[in-house]
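In what follows, every chain begins at residue 1, and chains take the letters A, B, ... in the order their sequences are listed.
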Amino acid sequence: MKTILSNLIAKHLRGLGHEPPAEIVLDAPKVKEHGDLSSNVALALAKAAKLPPPKLAEQLASALSGETSIFQKVEVKGPGFLNFFLKPTAYHEALKSLWQGPNALKPFDFGGGRRVLLEFLSANPTGPMHVGHGRNAVVGDCLARLLEVTGHRVMREFYVNDHGVQIKTLGHSGCHYHTVMTQVGGVEVALPEDVYRGKYLEDLVAELKDRIAPIKHDPLAVGKLLGVELLETIKEELLRLGIVFDHYYSESSLYEEGKIDEALAVLKAKGMTYEREGALWFKTSEFGDDKDRVLIKGDNTYTYFTPDIAYHKDKFDRGYDVYLNVMGADHGGYVQRLKAAVAALGHNPEKLHFLLMQLVNLKRGGEVVNMSKRTGEYVTLHEVIDEVGRDAARFFFMMRSHNAALDFDLELAKQQSAENPVYYIQYAHARMCSIFRKAEEAGFPAPEALGEPGLSPLQLEEEIGLVKTLLNYPETLAGAVQFYEPHRVAFYLLDLAKTFQNYYTRAKGDDRYRVIGPQRETTVAKLYLVKTLREVFRHGLNILGVSAPESMTRESEE
RNA sequence: GCCCCCAUAGCUCAGUGGAUAGAGCAUUGGCCUCCGAAGCCAUGUGCGGAGGUUCGAUUCCUCCUGGGGGCGCCA
């Protein structure tokens, strides 16, 4: 709709002898009196055209009024705004244009097949995941889904920290638990400070007792064994959320395949490194970092940064168009130096984007649930999913922009009531399915068999309003993907559900609002509108990874 | 001290240059013989502060205040 209008405006601007601007801004005004859409072109162009804005607007308005198939009227208001009042038929055509064929929406090809390497979660396999991991996982997955439906090819990648200090620590922890466990009489052994702890470790060590015994002298081997097992439980948990990674990238492989030395060699060859105080430094400050960073420590081991450089070199060597990293905001200090590394290696750092996830506060009925990693006592993601279910869990993680802190209230998320937005949206969808069931009983075609009916019976303001909201969907997706903000889809669906529920409930007091009525043409046209609505709900819910149920059953009714 | 994020209604939050700033919850009052009441309608107050850019600023820039996070040869 907007494209049609802006093309028209550009055409008539040229007709009047003015060069149209690169982008013609069209907005949906908040006030009804300002029409269906309005534009500020006259204000923007007034200087170049050497005309007062109202004058230019008037010229345009009278030229555009000739397009009688689209416009009811064109008005000039305020300092020179053009207000367009559109005919319902324009909306009818626009509604149809959302469809590709009889049963599929037109694809949203904003990406043109661009290849995206999306790294997210990358949780250390040293313990069970908590809600923070859940947020990262869900946002990453929704972003992947969003990219896919908008014409991108996505590689979902999980970087496995299966090498280094934390694995050694994990191994030590396992050994300690093993010692405690195998001691006759169960003598209390104090766990050292720097050790992972928690019931999950106790259970896992008990399970693997016999496999740990022979390798107990080698904590690193124990750590790897435990790490592999813990990664499996992470994968199981992700599966419960409907998340499947395409690739698990092993940190160890960087060592085994010599990729770290390779990356170091490149940096050295480019003169990006120097030695000082027995360590090897990387001149990241030449690329906008606060200070230089150490690559090889005095004890001749790598910092955690070094394998990551090699990893990102490998990412770029694999050749994608965009590289996205979803990580916790507590790693924010990491962004500059990683970009520096990419630039130093001769790649374009502009292609590397970071989504920094802010904190999640777990709450229950408004009270903060305290968690302590030190004692190993915290609510795991597993328990959260057990309690609230997959749909609510996923939706709640998507209800905030990633760069705002998120309160996750367990009570609210599991409430099966109006206060819970996920049910609100699903309920709207279920109602539409119910309408189709009733319609078929009354002898109307199934949604798949509706074809492309005449839509002229759609004249109610609310019906046109629903079409307007539907027409916002493509641009919502475009904005969401452009700014990597998949949560916009969740907000859009809430808005669409609200608009529909309003329309639906009016039928209680006014038969004109009923979808299924005595006039066949009217009913079929309305069914077509509802079919489009339902399809957009399905499409959007699919991006969020939330189910679109045909009917809702309350637990209390089961 | 330096860097990043945030500040909008009583509460939780939308809104990245447009006209009279929106939802939900909470409050108060209405609506089920009806395509599903997990629903709908009605109901007041608000852009933290000071400058600047602009025809026009919640939005962009600078400073200030208040909150969160980060600043290691830890990961």
Side-chain angles (χ1 to χ4, degrees), chain A residues 25 27 29-31 33-34 38-40 43-44 46-47 52-53 77-81 83 124 126 161 164-166 169 194 276-281 289-291 293-305 308 328-336 354 356 358-359 361 366 399-407 409 412 415-428 430-439 441-442 479 483 487-488 490-492 494-495 497-498 501-509 511 513-517 523 526 530 551-554 556-557:
Chain A
V25 181
D27 277 307
K30 291 161 195 142
V31 196
E33 288 71 37
H34 295 153
S38 76
S39 178
N40 63 352
L43 288 121
K47 267 184 190 165
K77 282 275 179 67
F81 286 105
N83 295 332
N124 285 341
T126 54
N161 293 105
V165 181
Q166 71 275 19
T169 310
D194 57 341
R276 197 179 78 197
E277 296 161 14
L280 185 71
W281 295 72
D289 199 6
D290 296 339
K291 51 187 168 187
R293 309 286 169 178
V294 171
L295 294 171
I296 302 179
K297 297 184 266 187
D299 64 1
N300 210 31
T301 62
Y302 300 127
T303 61
Y304 67 94
F305 180 39
D308 263 10
D330 54 343
H331 291 71
Y334 203 54
V335 172
Q336 269 313 322
F354 292 85
L356 299 181
Q358 297 292 329
L359 287 181
N361 299 307
M399 283 186 55
R400 288 286 172 276
S401 154
H402 59 81
N403 56 15
L406 166 71
D407 287 344
D409 195 312
L412 184 58
Q415 238 178 74
Q416 304 196 324
S417 76
E419 292 177 40
N420 193 337
V422 65
Y423 287 96
Y424 184 80
I425 293 173
Q426 290 180 321
Y427 184 54
R431 272 180 156 174
M432 292 180 216
C433 293
S434 176
I435 290 175
F436 285 121
R437 285 193 292 270
K438 295 280 176 188
E441 279 170 26
F483 296 103
H487 72 282
R488 296 185 186 206
F491 282 101
Y492 172 81
L494 272 173
D495 186 42
K498 172 93 182 154
Q501 300 273 36
N502 180 344
Y503 172 71
Y504 179 93
T505 314
R506 274 171 195 265
K508 294 218 178 281
D511 282 347
Y513 289 87
R514 293 178 69 81
V515 172
I516 302 164
T523 300
K526 291 187 179 195
V530 175
S551 66
M552 306 286 280
T553 45
R554 237 197 265 245
S556 55
E557 290 172 359

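- Nucleic acid contact for A:Gln426: none, since no nucleic acid atom lies under 4.0 Å from a heavy atom of the residue.
- Base engagement by A:Arg488 is indicated by at least one non-hydrogen atom pair under 4.0 Å involving a base atom.
- When side chains are defined from C-beta on, A:Tyr424 counts as touching A:Lys498, because their heavy atoms get closer than 4.5 Å.
- The shortest side-chain heavy-atom distance between A:Pro79 and A:Phe81 falls under the 4.5 Å cut-off.
- At the heavy-atom level, A:Gly332 lies nowhere under 4.0 Å from the strands shown.
- With a 3.5 Å ceiling on both atom-pair distances, the Watson-Crick or G-U wobble partner of B:rU62 is B:rA50.
- When heavy atoms are screened at a 4.0 angstrom cut-off, A:Asn124 is found touching the sugar-phosphate backbone but no base atom.
- Searching all strands for a Watson-Crick or G-U wobble partner of B:rA75 with both distances below 3.5 Å returns nothing.
- For A:Tyr423 and B:rA38, a side-chain-to-base donor-acceptor distance below 3.5 Å is absent, hydrogens and geometry of angles not being considered.
- Taking only distance into account, the side chain of A:Asp330 never meets the base of B:rG69 through a donor-acceptor pair shorter than 3.5 Å.
- With the nearest nucleotide of RNA chain B identified for both A:Gly278 and A:Arg514, A:Arg514 has the one nearer the 5' end.
- Taking 3.5 Å as the limit, the base of B:rA19 and the side chain of A:Ser38 contain a donor-acceptor pair of atoms between them.
- Pairing for B:rG24 is with B:rC11, a Watson-Crick or G-U wobble pair whose two hydrogen-bonding atom distances lie under 3.5 Å.
- Side-chain proximity of A:Glu33 to B:rC35, B:rC13, B:rU20: nearest is B:rU20.
- Rounded to whole Å, the separation between the C1' atoms of B:rC13 and B:rG70 comes to 25 Å.
- Regarding contacts with the backbone of B:rA37, a side-chain N or O of A:Arg431 is found under 4.0 angstrom from either OP1 or OP2.
- With contacts defined as side-chain heavy-atom distances shorter than 4.5 Å, the pair A:Leu295/A:Trp281 does not qualify.
- Atom OH of A:Tyr304 is separated from atom CD of A:Gln166 by 12.0 Å, given to the nearest 0.5 angstrom.
- Ranking B:rG69, B:rA19, B:rA14 by closeness to the A:Arg400 side chain, first place goes to B:rA14.
- Summary of the strand contacts: A:Ile516 and A:Asp407 both lie near RNA chain B, and taking for each the nucleotide with the nearest heavy atom, the more 5' one is attributed to A:Asp407.
- When heavy atoms are screened at a 4.0 angstrom cut-off, A:Asn83 is found touching base atoms of the nucleic acid.
- Remark: ring of A:His331 does not overlap the six-membered base ring of B:rG70 in a stacked fashion, as centroids less than 5.5 Å apart with planes less than 30° apart are not both met.
- Side chain A:Asp308 to base B:rA75: no donor-acceptor pair is found below 3.5 Å.
- Base pairing annotation: B:rC2 forms a Watson-Crick or G-U wobble pair with B:rG70, both donor-acceptor distances under 3.5 Å.
- Base orientation of B:rC13: anti, since the glycosidic angle falls outside 90° of 0.
- Atom P of nucleotide B:rC4 and atom CG of A:Leu359 are separated by 18 Å, given to the nearest angstrom.
- Looking at A:His331 and A:Phe354, their side chains never come closer than 4.5 Å, going by heavy atoms from C-beta outward.
- A close approach under 4.0 Å does not occur between any side-chain nitrogen or oxygen of A:Asn40 and OP1 or OP2 of B:rG17.
- In a base pair of the Watson-Crick type (N1 to N3 plus N6-O4 or O6-N4) or a G-U wobble (N1-O2 and O6-N3), with each distance short of 3.5 Å, B:rG39 is matched with B:rC31.
- Here A:Tyr504 does not count as stacked on B:rC40, because the ring centres are not under 5.5 angstrom apart with planes under 30°.
- Here A:Lys438 lies in heavy-atom contact (under 4.0 Å) with sugar-phosphate atoms only.
- Regarding contacts with the backbone of B:rC41, a side-chain N or O of A:Lys498 is found under 4.0 angstrom from either OP1 or OP2.
- Residue A:Tyr424 places no side-chain N or O under 4.0 Å from the OP1 or OP2 atom of B:rG36.
- Within a 6.0 Å sphere centred on CG of A:Asn300, heavy atoms belonging to other residues, nucleotides or ligands number 12 at most.
- Between A:Leu406 and A:Gln358, every side-chain heavy-atom pair lies at or beyond the 4.5 Å cut-off.
- Among the heavy atoms of the strands, none lies under 4.0 Å from A:Tyr492.
- Residue A:Val515 is classed as a base contact, given a heavy-atom separation below 4.0 Å to a base.
- The nearest whole Å value for the distance from the CG atom in A:Asn403 to the P atom in B:rC4 is 14 Å.
- Residues A:Lys77 and A:Ser38 have side chains not in contact (no heavy-atom distance under 4.5 Å, counting atoms from C-beta outward).
- In this model, the phosphate group of B:rG22 is not approached by any side-chain N or O of A:Lys30 to a distance below 4.0 Å at OP1 or OP2.
- Here A:Ser434 reaches the OP1 or OP2 of B:rG36: one of its side-chain N or O atoms lies under 4.0 Å away.
- In this structure, A:Phe436 places its CZ atom 13 Å from P of B:rG36, rounding to the nearest Å.
- Neither OP1 nor OP2 of B:rG30 sits under 4.0 Å from any side-chain N or O of A:Lys508.
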